Amino acid sequence: MPRRHLTFRQLETFVTVARLGSFSRAAEALHLTQPAVSIQVRQITESVGLPLFEQTGREIRLTAAGQELLRTARELDDSWNRFESAVDALQGLKRGRLRVALVTTAKYFLPRMLGAFCQRYPDIDIELEVANRARIVERLRANEDDLYIMSFPPEELDVVATPFLDNPLVVVAPASLPLPAGPLSLADLAVHPFLLRETGSGTRKAIDRHLAASGLSLKVKLALGSNEAIRDLVASGMGLSILSRHVLDDHPEQEGLRILDVVGFPLQQPWSVVHLRQKILPLPAHAFMNELLSAVSPANPGE
Ligand code: PGA
């Protein structure tokens with residue numbers, strides 16, 4: 001039997017026809033035309049030298065040779081899977097260490113993704129560092145981790161940065177504060193005290209940039225390094241704030257908060273996954289980065 005003519009693709013097509021008992025359903029499942037499926041089955045039949053299917057009425061059934069081929073194709077599939085795992089293990093994807101440093105606002109979604117990754121690769125150890133942007137940039141400069149998640153990749157360092165998810169910043173007020181519903185301007189709100197993130201945080205950098213561009217200043221009553229503390233202080237009526245939407249629940253009103261409709265808001269800036277350009281990324285870091293980029297909807301930095 002001229003087995004060098006057999007291809008994995010033909011085998012896959014044959015297995016799909018056998019599994020679904022129909023050429024047309026197999027064509028649909030494989031996103032092929034029915035003639036393409038028939039041709040591949042004919043080619044594989046010619047290589048084997050015996051019919052693989054027999055037709056009884058509208059049904060097709062495997063012949064004895066077809067059953068042998070199906071069993072063999074499944075064994076080949078198992079062997080190939082074992083081979084892929086062996087290659088993964090040799091390359092170190094199954095084992096090893098993944099070091100990710102992220103800005104505080106990203107901690108509301110990233111650990112969930114890391115959790116799924118850990119389940120898939122239980123032998124990869126994860127080191128996670130959460131800090132404000134200034135501290136994350138220091139770590140990047142010192143090459144302490146594999147990957148970094150942040151909004152403003154530092155321009156002074158030679159990095160590769162890929163935006164992947166929007167991090168909208170919204171204006172929040174205590175739900176109890178009587179304010180008109182319609183679009184407000186930040187200048188209208190400047191009479192109220194604000195609680196903002198500390199200098200050095202990416203959130204604060206985005207706010208300061210916006211204020212500088214619009215020639216406004218806010219009465220900053222308190223600057224602090226915790227998104228949660230700010231959120232709770234706003235809910236208690238202490239003032240207004242500008243926070244990442246990710247810091248708030250799906251229903252902020254249930255937490256005593258209201259997202260205000262303010263002209264120019266939300267401030268949009270995407271988070272990027274960043275690494276030093278000259279860094280040779282270990283396989284776990286590659287795998288996680290690919291997962292991150294394919295799992296979330298692509299960010300649109302221009303919006
Ligand atoms: P931060 O960073 O947690 O330091 O505010 C936010 C960001 O870079 O998006």
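In listed order, ligands and their atoms are each counted from 1. This is a predicted model, so every value here is computed, not measured.
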Checklist line | Residue pair Thr203 / Ser201, side-chain donor-acceptor N/O under 3.5 Å | finding: no
Note to self: What I want to find out is whether Glu129 reaches Arg135 closely enough, with some N-O distance under 4.0 Å, to be called a salt bridge.
What the structure shows: no
Note to self: Show the atoms of ligand 1 that are less than 4.0 angstrom away from any heavy atom in Thr203.
What the structure shows: 1 (P), 2 (O), 5 (O), 6 (C)
Next item on the list: Run the numbers for me: atoms of ligand 1, each under 4.0 Å from some heavy atom of Asn132, listed by number.
Entry: 4 (O)
Next item on the list: Counting heavy atoms only, name the option from Ser272, Ser151, Ala131, Ala134 that's nearest to atom 9 (O) of ligand 1.
Entry: Ser151
Next item on the list: Select one of side chain, backbone, both or neither to describe which atoms of Ile136 lie under 4.0 Å from any atom of ligand 1, heavy atoms only.
Entry: neither
Notebook entry, point to check: Is there a side-chain contact between Val100 and Asp145, using heavy atoms and a 4.5 Å cut-off?
Noted result: no
Checklist line | Atoms of ligand 1 close to Arg133 [distance to a heavy atom under 4.0 angstrom, numbered from 1] | finding: 4 (O)
Notebook entry, point to check: Do Lys107 and Glu228 sit within salt-bridge range, that is, some charged N less than 4.0 Å from a carboxylate O?
Noted result: yes
Notebook entry, point to check: Is any N or O atom of Arg204, backbone or side chain, closer than 3.5 Å to an N or O atom of ligand 1?
Noted result: no
Notebook entry, point to check: Between Gly202 and ligand 1, is there a nitrogen or oxygen pair with a distance under 3.5 Å?
Noted result: yes
Item checked: Validation row: Leu114, Leu98 side chains within 4.5 angstrom (heavy atoms) -> yes
Checklist line | Nitrogen or oxygen atoms of Asn167 and ligand 1 under 3.5 Å apart | finding: yes
Next item on the list: Take Thr104 and Asn227, measure what side chain to side chain donor-acceptor pair (under 3.5 Å) needs, and give me the verdict at the end.
Entry: CA-CA 8 Å; Thr104 60; Asn227 293 309; 3.2 Å; yes
Margin query: Checking contacts here: is it the side chain or the backbone of Arg197 that comes within 4.0 Å of ligand 1, counting heavy atoms only? Could be both or neither.
Written below: side chain
